[in-house]
Each structure stands twice: as structure tokens, then as C-alpha cells.
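Scope of the values below: all heavy atoms of this structure, side chains included, with no hydrogens, waters or symmetry mates. Note that ligands are numbered from 1 as they come in the structure, with each ligand's atoms numbered from 1 the same way. All residue numbers in this chain count up from 1 along the given sequence.
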Amino acid sequence: MVTTVIPVEPFDLVIFGGTGDLARRKLLPALFQRWRARQMPENARVICVGRQPLSDESYRSRIETSFREFPVPCVEDREALGEFLNGICYARVDVNGSDGWSELRRMLRQDVIRAFYLSVAPSLFGVITAMATEWKLVSPDCRIVVEKPFGHDLASARNLNAELSGRFDERQIYRIDHYLGKETVQNLMALRFGNSLFEPIWNSQYVDHIQISVAESGGIGGRGSYYDEAGAMRDMVQNHLMQLLCLIAMEPPAQFEADAIRDEKLKVIKSLGRVAKDDVVRGQYLSGPGVASYRDECGDPVSETESFVALRVHLDNWRWSGTPFYLRTGKRLRSTLTEVSVAFKDPVHWIFEEQANRKGTSLTIRLQPNEGITMRMTIKDPGPGGMRLTEVPLDMTFAEALGSNAEAMPNAYERLVMDVIRGNQTLFMRGDEVEAAWAWIDPIAAGWADLPGGLYMYDPGSDGPVQSHALLHRDRRDWQGL
Ligand code: NDP
Ligand code: BG6
């Protein structure tokens, strides 16, 4: 199987925050891979903006150093790296002042696609869009890309939306949730809507419950000040877990088209029911051998921010009424793993002898690492001794099934940045979707202080606070292991 690469049109991409962590670790490496794949045309131009006084040459050599440090895949391809770096320019602009804007305008071409990537704190979105308009950088078809966090709550998300929509049409605004750019997340749609096998049983009549786990073994790293304001609920649930939930639960869209999909996702978010206080478990990691505690990492010895959250949620709609969705995410857990597991009900009429510890049928979609699908099936335990049942996995790892083609799959940012240039908004969040997500999150976060158990501590390397198990045990269910 050969991956098809369709080159995009020539473009000028301006990255505000070009000296920042995201640009160095994710955006520029992603563009380098697209350059190597020849999807990025030779006359594409990337202009990286920062406040530091750097020449093009010194900026390029910084990027080369960080590519080697990480290291970025194929960095040893010196010829491609040299060509790629030559197409990058640096512009020094403090966006709060007027210096540098006219020089930046001179760098932009008239006859190519123009995109502005705001890889900066959201507090700078307003000033950048205002200055870019004032200095006539904005063209009628330019795209504007904004990173998460898109607000801290409903009110701030509305303000950001108002700031952007005052200057741009919704069709020009690309709100990033990088989970949507992951191949395996897009695979959720391919599986559901490309196989007639699943759709007839994808409802509360057949599905007992659904689990979504996004576990990370790492801590908060150097992002303590941001994370301590956000916590797991705002950092992960409001966006990544919510998007996974939408793709799993939504109705089939009429077409595979941006607004058709986003309309269906919005309906899912709007049908999320209120979450009861005893359906929420918040946790925070302690220290362990060679591992600092959350409070030490974030620098606040009395921080009450959650690094783990588990929720039992329900959708008040025709398809899912009566099927609980259990969501959990956390840092410093036993392993790094993202998976969605759909547990099916037993057949309506059970003809075999009852057996203790029977797990039943389930479909698990592993999104990372080791992407693939496992169907757990009930079969007869082989051998004499009567009709005993057992469960076996029908396992498919995408890497094995797709062979070397799996390695050629673009990572999330590669896909998303190319989609911006192509003008395809399917994998980006619409303004109303983001606001609806905050409208659901806000009352939960506002009730933190009243949670029955407060904040539970957990050991690093565990699977979170034991109370998260109680959330499922209460319903005679278990989390699938991390
Ligand atoms: P950094 O703190 O590493 O970088 C911030 C960038 O903003 C720097 O390039 C800085 O330039 C620039 N900047 C700050 N103030 C100004 C100004 N007045 N004028 C011009 N440039 C300015 O942040 P990150 O790269 O980590 O994050 C960027 C955005 O992406 C944030 O919103 C973050 O939440 C989001 N994000 C980041 C992720 C990550 O993995 N890093 C993941 C998901 C989202 P200078 O160096 O010159 O000061
Ligand atoms: C980011 C969160 O959006 O996603 C981080 O801010 C988290 O806290 C990261 O670690 C996880 O992304 P991935 O692609 O590594 O699963």
C-alpha cells in the first residue's frame, strides 16, 4: 500500500510564538515531515515571529539544534533539513508595540494562501488580530489558527469568540484540538460509519456502558503555572475527552463534511446531562521514589488542583439513554494509554450456566500507543468437561495490519496544519461547540468545593485514587486495566 500525498497550494504561514515550545517541538517538526513528503510546495514560506532579537540564520540554527535534541524523525536527512530551514524566516515583533509589523507585511506575498498561527497565550489573541488588521496583514481569505486552551470557562470562551468573530468569518477560524488530528481518532469515524457491522448495535439496547481513558505516566513538567490554573478537567476533559465522546456517541452525519460533523458533535455535547456530585472523583498525585509530588512540581504547597479526574456521565438522548459513559484522565499514572472501550450487554436470553467473573463482549479501540482494536469474544473453553465459557481477544494492531504504511501516517499537527492550508475545517472545533463544552464543564468545576470526598491523593505509578474504582463498582462494573 502506498500513501498518497497531494501537495497543497503555495502558502505563507506566520507563526506567532515561533520561539516558543509548541512551535519548536510540534509545529516546525510537523512541517519538516510534510516538506520531506513533498506535500509542502517548494515556494511555501514559514515566517516565525518572536520578541527576541534573532537573525534568520540564528533562528534557523536554534531550530536545527532543537530538532537534534528531541530528536525529530529523519533529522539526519541533511539535504532535506537544509532545504526546509532555508524556507523559514524570522520576524522580530513585540505584538504589544508597533515595531516590526510593516517589515512583517513586506514579507507576505499577495498571490498565495495566507495563514496566521497564534501559538501564544490566549491573552494575546485580541492584540494580534487587532494589530494584524491595523497593519493590513489580514486578507479576505486568510486563515487564523488558535491553540487551546480556548478560554478558561464559558464567559472567557465567549469573549475570545467575540474577539475573533469581530474580525474573521467562522470559515476562517481554525480552533485546534490536536486529538482530532490523530489518525486513530479519525479512525473512530471510519470504524463506525465505514462498517455496517457496528451501527445497528451502537445504542443503549446493546451497549452496557462505554469507558474513555486518557492516562499519562508523565507529570505536569514545566507547565506548572498554566496547569495549576486549569487542572485535568479544563486541560483534558473539556477538549480531548469531550471530542472522543462526541465521535463515539454522535449520530451518523449526512456527509463527511465539516459542518455536518460539527452539527452532530454539538448535539452530543448539548445532550450531556448534569453530573451529580457523587459521580465525580478528583485526585492529585503524591511524591514517589524519584518523582516529585504535584504540589512540588507546580510550586504551590497547598494547591487543590486536580491532576486526575473520573466522571460518570450520561447522554439524555434517544440513542444513549440508560448507557453510562465513564471518563477518566490523569497524570503520573501507571502507563500512558488512550483507549475507548465499548462493553456490550449479554444476549437477552442466556442459555448457558452462569459463571463467576465472566467479562462479556467488548470492543476496545486503542488510540495510543500501539494503535489497534481488540474485540473480546465469548467462546467455549476448549476440551472435555462440559460447556464452560471463556473470553478471548480478537486482536488487530494497525501497525501490523498496515505494514510499513503505518509509519508513513502523518502525526496530528502534520495533518492539521495541512488542513488549514487546504481550507478544510472538518477536524477543527466550531465556536458554538467550544462554548457548549464550557457550558457543561462550568457547573461541575464550580461544584469542586462541595464534592463529598474533596480531593483524593494517589501514588504516582498507580491507576489514580481508589475512589475512582468505587465509581464503577457501585454499578457492578470495573475499569479496564491501565
Ligand atoms: P511558550 O511560553 O513556550 O512560548 C510563548 C511564545 O509567545 C514565545 O514565542 C514568545 O516569544 C511569544 N510571545 C510572548 N509574548 C509576546 C509578545 N508580546 N509579542 C510577541 N511574541 C510574544 O508557550 P508554548 O509554545 O508552550 O504555548 C503556546 C500556546 O500553545 C499556548 O497558548 C499554550 O497553552 C498552547 N499549547 C501549548 C502546548 C505545548 O505542548 N507547548 C500544547 C497545547 C497547547 P519570546 O520567546 O520572544 O518571548
Ligand atoms: C495537551 C495537554 O493538550 O495534551 C497536555 O495540555 C497533555 O497536558 C497533552 O499532556 C496530551 O497529548 P498527547 O498527544 O501526548 O496525548
Could you check which of [options] puts a non-hydrogen atom nearest to [atom]?
atom: atom 20 (C) of ligand 1; options: Leu118, Val93, Val146, Ile176; result: Val93
atom: atom 6 (C) of ligand 1; options: Ala230, Gly17, Gly50; result: Gly17
atom: atom 5 (C) of ligand 1; options: Ser225, Gly97, Gly20; result: Gly20
atom: atom 45 (P) of ligand 1; options: Thr19, Val49, Ile15, Asp235; result: Thr19
atom: atom 44 (C) of ligand 1; options: Glu147, Arg223, Arg25; result: Glu147
atom: atom 5 (C) of ligand 2; options: Arg223, Arg234, Glu147; result: Arg223

Would you say the ring centers of [X] and [Y] fall short of 6.0 Å from each other?
X: Phe32; Y: Phe67; answer: yes
X: Phe308; Y: Tyr458; answer: yes
X: His209; Y: Tyr326; answer: yes

Distance from [atom] to nearest protein heavy atom, with residue and atom:
atom: atom 19 (N) of ligand 1; result: Val95 N, 3.0 Å
atom: atom 47 (O) of ligand 1; result: Arg51 N, 2.6 Å
atom: atom 18 (N) of ligand 1; result: Asp94 OD1, 3.0 Å
atom: atom 28 (C) of ligand 1; result: Ser119 O, 3.2 Å
atom: atom 27 (O) of ligand 1; result: Leu22 CB, 4.2 Å
atom: atom 10 (O) of ligand 2; result: Glu216 OE2, 2.5 Å
atom: atom 16 (O) of ligand 2; result: Tyr179 OH, 2.6 Å
atom: atom 23 (O) of ligand 1; result: Asp21 N, 4.4 Å
atom: atom 35 (C) of ligand 1; result: Lys148 O, 3.2 Å

Least distance between heavy atoms, Gln33 atom then Val72 atom: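 Here Gln33 and Val72 meet closest at NE2-CG1, 3.4 Å.
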
Do [X] and [Y] sit within salt-bridge range, that is, some charged N less than 4.0 Å from a carboxylate O?
X: Glu433; Y: Arg430; answer: no
X: Asp141; Y: Arg171; answer: yes
X: Glu414; Y: Arg36; answer: no
X: Arg234; Y: Glu306; answer: no

Salt bridge (charged side-chain N to carboxylate O under 4.0 Å, His left out) between Arg295 and Asp228, intermediate numbers included: CA-CA 9 Å; Arg295 288 178 177 173; Asp228 204 44; over 6 Å; no

Pi-cation contact, Phe198 with Arg192 (under 6.0 Å, within 45°): no

Cation-pi, Phe150 ring and Lys148 (6.0 angstrom, 45 degrees):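 Output no; distance or angle outside limits.
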
Modelled atom types, side-chain donor and acceptor of Asn159 and Ser156, under 3.5 Å: no

Near [X], which atoms of ligand 2 are under 4.0 Å from a heavy atom of that residue?
X: Lys331; result: 5 (C), 7 (C), 8 (O), 10 (O)
X: His240; result: 1 (C), 3 (O), 4 (O)
X: Lys182; result: 13 (P), 14 (O), 16 (O)
X: His178; result: 1 (C), 3 (O), 4 (O), 12 (O), 13 (P), 14 (O)
X: Asp235; result: 2 (C), 5 (C), 6 (O), 8 (O)
X: Lys148; result: 1 (C), 2 (C), 3 (O), 6 (O)

Contact (N/O only, under 3.5 Å) between Val120 and ligand 1: yes

Sub-3.5 Å N/O-N/O distance, Gln52 and ligand 1: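 Yes; at least one N/O pair falls below 3.5 Å.
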
Check against side-chain contact (heavy atoms from CB on, under 4.5 Å), Val46 and Leu27: CA-CA 11 Å; Val46 181; Leu27 305 181; over 6 Å; no

Ligand-residue contact atoms, ligand 1 with [X], heavy atoms, under 4.0 Å:
X: Pro149; result: 34 (O)
X: Leu124; result: 14 (C), 15 (N), 16 (C)
X: Asn96; result: 18 (N)

Option among Leu180, Val146, Asp419 that satisfies the side-chain contact (heavy atoms from CB on, under 4.5 Å) test with Phe428: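 Single side-chain contact (heavy atoms from CB on, under 4.5 Å) partner of Phe428 among Leu180, Val146, Asp419: Asp419.
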
The single option from Gln110, Gln172, Arg114 passing side-chain contact (heavy atoms from CB on, under 4.5 Å) against Ser139: Arg114

Atom 2 (O) of ligand 1 protein-contacted, heavy-atom criterion under 4.0 angstrom: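 Protein heavy atoms within 4.0 Å of atom 2 (O) of ligand 1 - there are none.
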
Geometric class of the His178/His240 ring pair [parallel <30°, tilted 30-60°, perpendicular >60°]: perpendicular

